[in-house]
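One structure is given below, encoded as structure tokens.
Atoms within a ligand are numbered from 1 in the order they appear, just like the ligands themselves.
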Amino acid sequence: MDNVFKHIETKLIHSGEPDPRILGAVSMPIFQSAMYETYGGEGYHDIAYIRLNNTPNHAALHDKLAALENAESALVTASGMAAITTSLLTLLSSGDHVLFQPDLYGGTRGFVINDLPALGIAYDFIDASTPDSWESKLRAKTKVIYVETISNPLMGVGDLEAVVNFAKSHNLVSIIDNTFASPINFRPPELGYDLSIHSCTKYLNGHSDIVAGTIIGRRDLVEKIKHKLDHLGGSLDPHACFLLHRGLKTLALRVQYQNDSALKIANFLNDHPKIAKVNYPGLETHPAHERALKLFDGCGGMLSYELKGDAESAEQFLKSVKLPIIAPSLGGVESLLTRPALTSHAGISAEEREETGITDTLIRMSVGIEATVELIEDLDQALKAS
Ligand SMILES: *Cc1c(COP(=O)(O)O)cnc(C)c1O
């Protein structure tokens, strides 16, 4: 049935919906039942029970999410971190080795540095934009290569095609955290990635009111990860499934608007006398601009910029904006601003931050769906006040 839906806008609405509709319901109902009648006989993982990720709400979401990235299979999880940790714990065991890009999402980086070594799993960091340097980091027990589509907070885009080729030629599982791009802008399984992970807390739900995650990709791997998730227990509650399902329907409208708005804002800031630097893959000045245009259908709603001046000027700017909310996280309908030096990267020393380009005046923006002209007017008045 799903193969009749050609475009992602249509898949968001119709893929995975129950056929026939449940009592004719136009919208997928919430099945708020922990367990379902059974006389036994099915395998453990098929007993209908919320923790086993197989209620009607889970099934509908799995089919819809797989369709969005043209993948074989998908699984929803209780958070983005549940998707990431459960996948890594499924694919790696004591003695194994894994390659990561260093500028990972904070929670992922913390898990890699603190938790993997305690389990006897070794890792190395690789520069995602220099494939020539990767082979020297390989070990006999290297099993996985893991990158992010767009890195936080400097919006770097690594050589994502080289990652797939490297994984295939060295028999590694390739994993990409595709949260920042969303399936509207990039569908990693189409490029050959084994697994694409999202924090659905961000663009996929889009309304800043739940935490959820997903793993999309090869059926055999997703099945193994589901079995691990069944045991670890990071399953998504049916009510949160419903909210994610509802949020997904407007994903294309939201992200296409956010792509457009972010590009206009990036251009405005790029020309602004109070701005030292803008990081956005859609700008010609971005080091991976050509690569981003080749791989992505849009460059996303996330950007960061450095103000001229000092930490004081950055604080004054944040105090002066009226529309964006000063908060971490991203991908919702409301614009958000954060200063990574004080939030996501607060645990890193000032020197190390300067070295990696996360200066005291760096501001990260998640562009919402407010009127672009109004956001630009607001940023302009706040920059004048900074
Ligand atoms: C937020 C985020 C995560 C973690 O997701 P949660 O839903 O908060 O657990 C992972 N990766 C990226 C890129 C994120 O932005």
Applying ring pair (Phe, Tyr, Trp, His ring centres under 6.0 Å), which residue pairs with at least one partner in residues 113-145 are found, sequence neighbours left out?
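Applying ring pair (Phe, Tyr, Trp, His ring centres under 6.0 Å) to every pair that reaches into residues 113-145, excluding sequence neighbours, yields Y123-F125, W134-F166.
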
Please list all pairs passing the ring pair (Phe, Tyr, Trp, His ring centres under 6.0 Å) test where one or both residues lie in residues 91-110, with sequence neighbours left out.
F100-Y146

Inspect the contact between D378 and K322 and indicate whether a charged nitrogen and a carboxylate oxygen are less than 4.0 angstrom apart.
no

Greater than 12 external heavy atoms within 6.0 Å of K277's NZ:
no

Can you tell me how far the CG atom of L375 sits from the OG atom of S335, to the nearest 0.5 Å?
4.0 Å

Put together the list of close N/O pairs, under 3.5 Å, between ligand 1 and the protein, could you?
residue  : atom   : partner : partner atom : Å
ligand 1 : 5 (O)  : S199    : OG           : 3.0
ligand 1 : 7 (O)  : G80     : N            : 2.9
ligand 1 : 7 (O)  : S199    : OG           : 2.8
ligand 1 : 7 (O)  : T201    : OG1          : 2.6
ligand 1 : 9 (O)  : G80     : N            : 3.0
ligand 1 : 9 (O)  : M81     : N            : 2.8
ligand 1 : 11 (N) : D177    : OD2          : 2.6
ligand 1 : 15 (O) : K202    : NZ           : 2.7

Go through the structure and list residues passing salt bridge (Lys or Arg N to Asp or Glu O under 4.0 Å) with K168, not counting sequence neighbours.
none

